[in-house]
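For reference, positions follow the sequence shown, starting with 1.
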Amino acid sequence: MAQQLSPPAPAPGDNRSTRSVLVAIGALLLGMLLAALDQTIVSTALPTIVSDLGGLEHLSWVVTAYLLASTAATPLWGKLGDQYGRKRLFQIAIVIFLIGSALCGIAQNMPQLIGFRALQGLGGGGLIVLSMAIVGDIVPPRERGKYQGLFGAVFGATSVLGPLLGGFFTEQLSWRWVFYINLPIGVVALAVIAAVLHIPVRRTKHTIDYLGTFLIAAVATCLVLVASLGGTTWAWGSTQIIGLAVLSVLLLIAFVYVERRAAEPVLPLKLFRIRTFSLVAVISFVIGFAMFGAMTYLPTFLQVVHDITPTMSGVHMLPMVLGLLITSTGAGQIVSRTGRWKVFPIVGTGVTAAGLLLLHRLTENSSTLEMSVYFFVFGAGLGLVMQVLVLIVQNAVTYQDLGVATSGATFFRSIGASFGVAIFGTIFTNRLIDKLGSALAGQTLPPGVSVNGLSSDPRAIHQLPPALRQSVLSAYSASITDVFLYAAPVVLIAFAFAWLLKEDKLRGSVTAPDTSETLASNPVERSSYDECARALSVLATREGRREVYVKITERAGLDLLPAASWMLLRIKRHGTVEPAQLAEVAPVPLRVISEAARQLEERGLAHRVGVQLMLTEPGAEAVVKLSHAREESLAELLGDWWGPDRPTDLVALVSELTAETGGSSKERPHSPEPKRDHHAP
């Protein structure tokens, strides 16, 4: 992956007001909202869509088409944005997404809807990766953790709101509004971005691996087709299925050949020589398999078997989302603070397998409390392992591979999600036809009702007499819950692999990724530079503004107030500082600034020229010590990435963060009360 070799000029955030940054971030959040909402809003509408368009056996492809397209397109969007400018690409991604949404809304049959969902997925992949990348263009590294946290909050909110809104639109308007709702949001985002998003075009030349991207997408598509069509549309031993299987093997061989020779491979094969990455790839695949497979069929269970409205089915799924969010956030924070992580993938995969076995116990007579508890356990298991997998991969690779390894871990979960939805769909369809046939054997059905009709349109159940209706509901219930039973052994494979992970010491600069990256179905592609900037910005936010100056003042061996150190660095960056004016623009009390200025003058570190403070020679020496102290503290966090052969762009990042320590008006180097301040003269 090509790296940025020098700090951008002008630096991100320079000459940009807080208001303009917030408006631009708001527009980016709208773009993220579009893509994030569409991953979850469809689930509760799927049973109604199937009833309207038919083709229950193809239900899984409404989800799979979106997942495959967005996953394959993500690395391309990231590199094209580097090469041609992210603003233009982001606008193109919105337009593609909106065209796909409009076409999905007017689809007249299932094949049309599946094709239009793939188009929508192409745009959705760009919305997620580019919105987060643009944050790096408009916000300095020191502030990125705070702003990117907003994207995580939006994604977490859509995980809850998506199923609810999907059910509401389906019930109150039409399932087509699940897609139409994107249009006004997208138009607003386009207008705001065109008006307020002004970012420098910092082009990084890439050799884009188009062929590798096509081949890995083709391999995944062929394998998913085998999984979804085998045993349903075509027999397992049919020419078509065998041909698809052989084609997928040939494409995989071609992919390996191409990746070995690609200048910037979409998935570097050298990563698989790292044991930890290979293990995480398998575990990520299985987690994606279980998560999206279950999330696709639980609304069908609730709406068909329990006759719950689409809106209320979204409410019933909230315990699962809540469990996932709580444990995902908690696990990431605990690992970042303690450095111990191995317990989470082991416990997480174990709890997920237990959750699937509990879901298998559900019947048409299960109570709401029972379903809620089982949903929560399943979600909690997923959350325990999802955040930590990205941390593990980041800790196992060199700095040069940080970006591609991070997106690679999520890439395998995305592919696993595609397989999970497809295979769950095949199992469900086969089991349903068999169980309906057994339940209705020898029974007299009302005119116009048949086994095939009941399997393709759940609404036909209401035409049955009560005695037969109960048998059909039992068949539907058992068919869906059997899916979870078949998935449990697959998750146990991940449980076994989790024990093989080696718990290496966690680097100080490895932090929990954004929630949007661990909940999103498609990988977020960032360079190693961008990923490291995000991690260091999270750490800077966590340790607090004042604590930064306490730490570097102690390390520099200076007996100064934290605010005095801050003021020294500001004078160095800006040449002169007027304390009274500084109090007006910085969120620091005038008392603290006056005390710091007085200390600098008394120590001979600064002198006044009129109302301005300027550095003296001893002050300049103190600034050098403070800068070195900040660089050393950052180097400690980077660990072995800050080795003798450290890359130029990492040096540039550390220099930029060091400079920002003294230049941000948003920092709060507050001094404590004098009686508690051991830094006071």
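Glu503 places a side-chain N or O within donor-acceptor distance of the main-chain N or O of Trp341, the cut-off being under 3.5 Å. Checked by atom type and distance alone, the side chain of Arg413 never pairs as donor or acceptor with a backbone atom of Gly288 at under 3.5 Å. No donor-acceptor pair closer than 3.5 Å links the side chain of Arg260 to the backbone N or O of Leu269. Judged by distance alone, with hydrogens and angles left aside, the side-chain atoms of Ser284 form no donor-acceptor pair with the main-chain N or O of Ala281 at under 3.5 Å.
From Leu122, atom CG reaches atom CG of Leu68 across 10.5 Å, with rounding to the nearest 0.5 Å. Here the CD1-CG distance, from Ile114 to Leu119, works out to 14.0 Å after rounding to the nearest 0.5 Å. Separation of atoms OG1 (Thr239) and CG (Leu244) is listed at 11.0 Å; rounding is to 0.5 Å. We find the CG-OG distance between Leu500 and Ser278 to be 11.5 Å, quoted to the nearest 0.5 Å. If you take CD1 on Ile216 and CG on Leu211, they are separated by 11.5 Å, rounding to the nearest 0.5 Å. Put simply, NZ on Lys502 and CD1 on Ile392 are 14.0 Å apart, with the number rounded to the nearest 0.5 Å.
Here the shortest heavy-atom pairing between Val42 and Val62 reads CG1-CG1, 4.1 Å. Looking at every heavy atom in both residues, Pro265 comes nearest to Ala262 through CD-O, 3.5 Å. Taking every heavy atom of both residues into account, Gly212 and Val258 meet most closely at N-CG1, 4.1 Å. Nearest heavy-atom pair across Thr327 and Gly379 is OG1-O, 4.0 Å. The two residues Ala290 and Thr352 come nearest to each other via the heavy atoms CB-CG2, 4.5 Å. Between Ala487 and Phe289 the shortest heavy-atom distance is CB-CE2, 4.4 Å.
Under the 4.5 Å side-chain criterion, counting only non-hydrogen atoms from C-beta, Ile96 is in contact with Ile92. Counting only heavy atoms from C-beta outward, the side chains of Phe344 and Val385 never approach each other to under 4.5 Å. Using a 4.5 Å cut-off on side-chain heavy atoms (C-beta onward), Thr349 and Val286 make no contact. Side chains of Phe90 and Leu127 form a contact here, defined as non-hydrogen atoms less than 4.5 Å apart. Using a 4.5 Å cut-off on side-chain heavy atoms (C-beta onward), Ser248 and Val226 make no contact. Annotation: side chain of Ile283 is in contact with side chain of Leu501 (closest heavy-atom distance under 4.5 Å). For the pair Leu485 and Leu357, the minimum side-chain heavy-atom distance is below 4.5 Å. Within the 4.5 Å cutoff, no side-chain heavy atoms of Glu259 are placed close to those of Leu215.
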Does the side-chain contact (heavy atoms from CB on, under 4.5 Å) test come out yes or no for Val95 and Ile99, once each step is laid out? CA-CA 6 Å; Val95 171; Ile99 292 173; 3.8 Å; yes
I'd like to know whether Arg117 forms a side-chain hydrogen bond (donor to acceptor under 3.5 Å, both in side chains) with Gln120, so could you lay out the CA-CA distance, the side-chain angles of the two residues, the decisive distance to 0.1 Å, and finally the verdict.
CA-CA 5 Å; Arg117 280 283 285 170; Gln120 197 183 29; 2.9 Å; yes
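In the displayed structure, Phe272 atom CZ is contacted under 6.0 Å by more than 12 heavy atoms of other residues, nucleotides or ligands.
Residues passing the side-chain contact (heavy atoms from CB on, under 4.5 Å) test with Ile242, sequence neighbours excluded: Val246. With sequence neighbours left out, the side-chain hydrogen bond (donor to acceptor under 3.5 Å, both in side chains) criterion links Lys342 to no other residue. Under the rule for a ring-ring contact (aromatic ring centres under 6.0 Å, His included), Phe255 has no partner lying at least two apart in sequence or in another chain.
No option in Phe412, Phe419, Phe497 other than Phe419 meets the ring pair (Phe, Tyr, Trp, His ring centres under 6.0 Å) test with Phe285. Under the ring pair (Phe, Tyr, Trp, His ring centres under 6.0 Å) rule, Phe428 has a single partner from Tyr297, Tyr486, Phe484, which is Tyr297.
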